[in-house]
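Here the structure comes first, spelled out in structure tokens, and everything after it is commentary.
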Amino acid sequence: MARERVTAARALCMRGYLLTVSLSVWMDGAHGIGVQLIPQYPVVSQSVTLSVTGVTGTIRQFDWYKGSSTNTNTQIFTVIPSTNSVTKGPQYFPRASQFPNGSLQISGLFLTDQGSYTVQIQTESTVQATVSLPVYGPVTASGISTDNKEPQENQPVTLTCSANNAEQILWGKNGVPLPPGLTLSADNRTLTFPRISRSDTGQYRCEASNAVSKIISDPYTLTVNYGPEYFKITGTLQVTSGYSTSLECSADSVPAPTYQWKFNGTNLESQTNPLYIQQATPENAGNYTCIGTNSVTKLSRETSVYVSVNDYDASHSGNSAAITVAIICGSILGIVLISGIMALLYRKYVLPLRGQSGDRGEDPSQIYYNIPNTAAAHPAIEEGPYMGLQYPSQDTYSELKP
Ligand SMILES: *[C@@H]1O[C@H](CO)[C@@H](O)[C@H](O)[C@H]1NC(C)=O
Ligand SMILES: *[C@@H]1O[C@H](CO)[C@@H](O)[C@H](O)[C@H]1NC(C)=O
Ligand SMILES: *[C@@H]1O[C@H](CO)[C@@H](O)[C@H](O)[C@H]1NC(C)=O
Ligand SMILES: *[C@@H]1O[C@H](CO)[C@@H](O)[C@H](O)[C@H]1NC(C)=O
């Protein structure tokens, strides 16, 4: 069944093909001749030959016309090849020349040379043919411009690809073709974002081409401005007197916000982000406010944290629990160390006696060298919890005031 259908389809195709062939033969019979462009895509300032094909018999005379009719007003020239006589017509121009086989050559092409040309040839009979001459200019000045240089999220944005002599324009984003769903004009020259989103940020290029040349524009970096969002202060809110700390303000924002700090409501001039509190004193305790402003969206956000400064001695005695923890940790470490030494001694002295594996060459004094060394590390480890008191784990304080 299926095969039969295929065969039937093929027969239909064949018939279509035959029909086309016989039609063109019949047309050739009517018009007799054709005109072929050499080269196929003529370029500005170069030359083209409008080569007449299919001529049978000797050419007695041929005429070239600008346009699609054989009107004396549109005549370029009349040529009688046997006498090599050329009669100039009203449309004659010096860049036009002829060959004895009926062809027309135009040199130093201008864009304005494009259009229809008609040739009439007299052999036994008179036949004529019309050809459409395209003239291609090299694609130039491809570049992207915009109507909104600093777009904010949700605003409309249009990108325009400017190019001369382009027949096709293609767009790319970040080196790949455009994602679907974007609006291009019919000629692809403009790319419209009715409401731009931060995900439209990227590098755009347009490629303008015609049959003879192609230009890819420089990349245009589209930056979508938004924020500040997720505004917050990160830092240590309990400082021990004499120690330093910092508060850092951050946000999701394009461009990055400019930050201003306040302490108890008074602007802190010359303070940058992060804000450093060097060798804290009780006077540093108070309300720290960060204000972030996006210079493009003009949006400001602010948030505050309260920083307390603990007296050093008070924190020392008030945290005996931490010292207890430290002592316990120390003891555990001690036990671990002793076990380690025991294991080492076992390996050094008992194992070699049992097995044949020999670390015999090693000096046993190295083991004694190791003991004071690890013991010296002990107080350093004990300091751990104190470090923790001075710098409690960093906390994040999200926006208090949206
Ligand atoms: C006619 O002559 C020109 C110049 O010699 C040549 O380029 C062209 O191919 C010729 N056309 C044909 C159909 O032979
Ligand atoms: C427009 O772009 C599409 C692809 O996005 C392409 O297929 C089409 O050929 C282009 N048309 C023109 C006139 O450049
Ligand atoms: C900090 O100061 C700001 C104004 O500068 C105020 O709105 C906020 O309530 C204060 N916060 C605290 C914890 O005192
Ligand atoms: C800042 O404000 C706090 C109360 O919010 C207050 O205890 C502290 O003394 C103030 N500090 C200064 C230097 O004004």
Side-chain angles (χ1 to χ4, degrees), residues 28 31-40 42 46-59 62 64 79 81 84 86 96-107 117 119 121 123 127 129 131 136 139 142 144 159-173 175-193 204-211 213-217 237-239 241 247 261-268 271 275 277-289 303-311 400:
D28 269 354
H31 295 272
I33 55 168
V35 180
Q36 192 195 350
L37 298 178
I38 305 168
Q40 194 185 351
Q46 296 183 3
S47 59
V48 64
T49 300
L50 282 58
S51 174
V52 181
T53 56
V55 177
T56 49
T58 310
I59 300 177
F62 66 87
W64 274 97
V79 182
N84 205 18
V86 178
S97 56
Q98 41 74 35
F99 295 118
N101 63 13
S103 301
L104 165 69
Q105 188 183 57
I106 304 173
S107 56
Y117 291 80
V119 64
I121 296 208
T123 49
V127 287
V131 67
Y136 295 93
V139 179
S142 177
I144 296 173
L159 299 184
T160 303
C161 181
S162 38
N164 298 318
N165 304 326
E167 287 190 325
Q168 191 187 47
I169 291 179
L170 299 173
W171 289 80
K173 178 187 176 188
V176 295
L178 279 192
L182 296 180
T183 315
L184 286 168
S185 61
D187 60 3
N188 288 1
R189 277 174 193 268
T190 60
L191 170 59
T192 306
F193 303 88
Y204 291 79
R205 284 177 191 263
C206 66
E207 178 191 291
S209 62
N210 63 18
S213 71
K214 171 162 101 179
I215 279 193
I216 298 174
S217 72
L237 302 190
Q238 283 170 303
V239 195
S241 194
L247 297 175
W261 287 91
K262 282 184 180 177
F263 174 63
N264 278 5
T266 306
N267 276 349
L268 293 175
Q271 274 294 353
L275 175 134
I277 301 170
Q278 313 279 11
Q279 294 176 350
T281 64
E283 287 78 64
N284 293 124
N287 184 358
Y288 288 85
T289 304
T303 186
S304 301
V305 289
Y306 189 84
V307 173
S308 60
V309 178
N310 303 319
D311 180 59
L400 296 175

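Computed from a prediction, not measured in an experiment: that's the story for all the values here. For ligands, and for the atoms within them, numbers begin at 1 and follow the listed sequence.
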Practice task
Taking only heavy atoms of Glu283 into account, list the atoms of ligand 4 that are under 4.0 Å away from them.
Solution key: 13 (C)
Handout entry: atom 14 (O) of ligand 2 protein-contacted, heavy-atom criterion under 4.0 angstrom
Key = yes
Problem - Non-hydrogen protein atom less than 4.0 angstrom from atom 7 (O) of ligand 1 - result: no
Problem - For atom 5 (O) of ligand 2, the protein heavy atom that lies nearest, with its residue and separation - result: Leu184 CD1, 3.9 Å
Problem - Gap between atom CH2 of Trp261 and atom CG of Asn267 - 0.5 Å precision - result: 13.0 Å
Practice task
Check whether any side-chain heavy atom of Val52 sits under 4.5 Å from a side-chain heavy atom of Phe99, and report yes or no.
Solution key: no
Exercise for the section: With heavy atoms only and a cut-off of under 4.0 Å, state how Asn264 meets ligand 4: side chain, backbone, both or neither. Expected result: side chain
Problem - Full working for side chain to side chain donor-acceptor pair (under 3.5 Å) between Thr192 and Thr183 - result: CA-CA 5 Å; Thr192 306; Thr183 315; 6.0 Å; no
Handout entry: Partner of Val119 under side-chain contact (heavy atoms from CB on, under 4.5 Å), chosen from Leu50, Ile33, Val127
Key = Ile33
Exercise for the section: Just need the protein heavy atom nearest to atom 4 (C) of ligand 2, so name the residue and atom and give the distance. Expected result: Leu170 CD2, 4.0 Å
Practice task
Check whether any side-chain N or O of Ser51 sits under 3.5 Å from a backbone N or O of Gln36 as a donor-acceptor pair, and report yes or no.
Solution key: no
Handout entry: Sub-4.5 Å side-chain heavy-atom contact between Ile277 and Val309
Key = no
Completion exercise
So the atoms of ligand 4 within less than 4.0 Å of a heavy atom of Tyr306 turn out to be 5 (O), 7 (O)
Practice task
Between Leu178 and ligand 2, find which residue part has any heavy-atom pair under 4.0 Å and reply side chain, backbone, both or neither.
Solution key: neither
Problem - For Ser51, atoms of ligand 1 separated by under 4.0 Å from a heavy atom - result: 8 (C), 9 (O), 10 (C), 11 (N), 12 (C), 13 (C)
Exercise for the section: Check each heavy atom of Val52 against ligand 1 and say whether those closer than 4.0 Å belong to the side chain, the backbone, both or neither. Expected result: backbone
Handout entry: Side-chain heavy-atom pair Asn284, Phe263 within 4.5 angstrom cut-off
Key = no
Problem - Any side-chain donor near an acceptor of the partner, Asp187 and Ser185, under 3.5 Å - result: yes
Practice task
Find out whether Ile144 and Trp171 are in side-chain contact, i.e. whether some heavy atom of one side chain is under 4.5 Å from a heavy atom of the other.
Solution key: yes
Exercise for the section: Using a strict cut-off of 4.0 Å, indicate which atoms of ligand 4 neighbour a heavy atom of Ala285. Expected result: 1 (C), 8 (C), 11 (N)
Practice task
State, with a plain yes or no, whether a side-chain heavy atom of Leu237 is found less than 4.5 Å away from one of Tyr306.
Solution key: no
Exercise for the section: Note the single closest protein heavy atom to atom 3 (C) of ligand 2, along with its residue, its atom name and the distance in Å. Expected result: Asn188 ND2, 3.6 Å
Completion exercise
When distances are taken from atom 9 (O) of ligand 2, the protein heavy atom at minimum range is Gln168 NE2, 2.9 Å
Fill in the blank from the handout: Taking only non-hydrogen atoms of Ser103 and a 4.0 Å limit, the atoms of ligand 1 in range are 1 (C), 11 (N)
Exercise for the section: Around atom 2 (O) of ligand 1, find the nearest protein heavy atom and jot down its residue, atom name and distance. Expected result: Asn101 ND2, 2.4 Å
